[in-house]
Amino acid sequence: MLYTTWKSAGFSVVLFMAGLGNIPPDLREAARVDGANSWQVLRQITWPLLKPITLVVLLLGTIEAFKMFQPAFLLVGPVGGAGNAANTLGLYLFSEGFSTDPHDGRGAAISVVLFALVFIISIVQLRISRRGVETVD
């Protein structure tokens with residue numbers, strides 16, 4: 001978990017900074033003139049306009065979580081640690097498809113299931129996220 005946070009924090013910050021840079025300062029200034037405090041500006045203007053960026057970061061994070069192979073392989077090896085405690089779908093795919101006694105058919109089936117799972121979750125996330133997205137004209 002620490003590795004994934006360290007790995008993805010920089011990219012997420014760059015995306016959020018780009019999103020913040022795209023919010024017109026006139027909106028925040030108009031809210032301040034109307035008497036909004038910092039919390040109200042954040043809640044009513046900044047956060048709704050950052051919702052598309054937030055959804056992109058969540059979608060990419062979800063896809064990256066399902067592709068988790070390298071950290072688990074480097075930290076616990078190809079068997080998934082003691083009692084398979086750190087076994088991920090990517091690590092299981094590797095152990096079935098590329099081990100000393102490979103099961104090519106099983107590895108291919110796992111990869112198709114992994115693709116279908118990520119695809120379905122991505123579509124569901126995108127459909128849920130399309131509701132209530134606000135844009136600046």
Side-chain angles (χ1 to χ4, degrees):
M1 191 166 67
L2 291 173
Y3 170 80
T4 304
T5 303
W6 170 75
K7 179 183 169 198
S8 63
F11 184 65
S12 300
V13 167
V14 168
L15 288 177
F16 278 113
M17 291 301 291
L20 284 171
N22 284 334
I23 297 175
D26 300 345
L27 293 175
R28 288 190 292 264
E29 185 178 330
R32 293 278 187 192
V33 168
D34 288 342
N37 60 25
S38 298
W39 173 250
Q40 290 169 331
V41 170
L42 175 70
R43 201 179 85 225
Q44 300 295 329
I45 294 173
T46 307
W47 194 252
L49 293 176
L50 283 179
K51 187 175 180 184
I53 302 294
T54 304
L55 297 171
V56 166
V57 168
L58 287 174
L59 181 63
L60 292 175
T62 302
I63 291 170
E64 192 65 33
F66 276 102
K67 294 186 330 179
M68 183 65 62
F69 168 74
Q70 184 180 13
F73 183 78
L74 292 175
L75 292 173
V76 298
V79 293
N84 288 329
N87 207 0
T88 64
L89 197 52
L91 197 57
Y92 183 59
L93 167 64
F94 176 78
S95 67
E96 288 297 319
F98 300 104
S99 65
T100 56
D101 183 28
H103 303 101
D104 295 335
R106 195 177 300 167
I110 294 168
S111 66
V112 169
V113 168
L114 177 62
F115 168 76
L117 192 61
V118 169
F119 183 75
I120 289 169
I121 289 174
S122 298
I123 294 297
V124 168
Q125 274 188 321
L126 286 174
R127 289 232 171 119
I128 289 171
S129 69
R130 296 226 184 239
R131 292 186 235 145
V133 173
E134 300 177 27
T135 59
V136 177
D137 295 328

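Predicted model, so just to flag it, every value in this text is computed and none were measured. Just so it is clear, the values below take in all heavy atoms, side chains as well, and ignore hydrogens, waters and symmetry mates.
Note: I45 CD1 to E29 CD = 11.0 Å, rounded to the nearest 0.5 Å. With rounding to the nearest 0.5 angstrom, the CZ atom of R28 is 5.5 Å from the OG1 atom of T46. The CD1 atom of I128 lies 11.5 Å from the CD1 atom of I123; values are rounded to the nearest 0.5 Å.
Side-chain contact check for S8 and E64: no donor-acceptor pair (N or O, by modelled atom type) lies under 3.5 Å.
Residues L55 and L126 have side chains not in contact (no heavy-atom distance under 4.5 Å, counting atoms from C-beta outward). In this structure, the side chains of P48 and R43 stay at 4.5 Å or more apart for every pair of heavy atoms. In this structure, the side chains of L60 and V56 come closer than 4.5 Å at one or more pairs of heavy atoms.
Apart from L42 itself, the hydrophobic cluster it occupies contains W39, where clustering links Ile, Leu, Val, Met, Phe, Trp and Tyr at side-chain heavy-atom distances under 4.5 Å.
Looking at residues two or more places apart in sequence or on another chain, you find a side-chain hydrogen bond (donor to acceptor under 3.5 Å, both in side chains) between R106 and E96. Shown here are the side chain to side chain contact (heavy atoms under 4.5 Å, CB included) partners of L117, two or more places apart in sequence or in another chain: F66, L89, I121. For S122, there are no side-chain hydrogen bond (donor to acceptor under 3.5 Å, both in side chains) partners two or more places apart in sequence or in a different chain. Listed by chain and residue number, nothing satisfies the side-chain hydrogen bond (donor to acceptor under 3.5 Å, both in side chains) test with Q40 (two or more places apart in sequence, or in another chain).
Taken together through direct or relayed side-chain contacts under 4.5 Å among Ile, Leu, Val, Met, Phe, Trp and Tyr, V113 and I110 form parts of separate hydrophobic clusters. The hydrophobic clustering, which links ILVMFWY residues whose side-chain heavy atoms are closer than 4.5 Å, places I23 and V41 apart. M17 and W47 end up in different hydrophobic clusters when Ile, Leu, Val, Met, Phe, Trp and Tyr side chains are linked at under 4.5 Å.
Of all the heavy atoms in G19 and L50, the pair that sits closest is C-CD2, 3.6 Å.
Screening residues 108-128 for ring pair (Phe, Tyr, Trp, His ring centres under 6.0 Å), with sequence neighbours left out, gives F115-F119.
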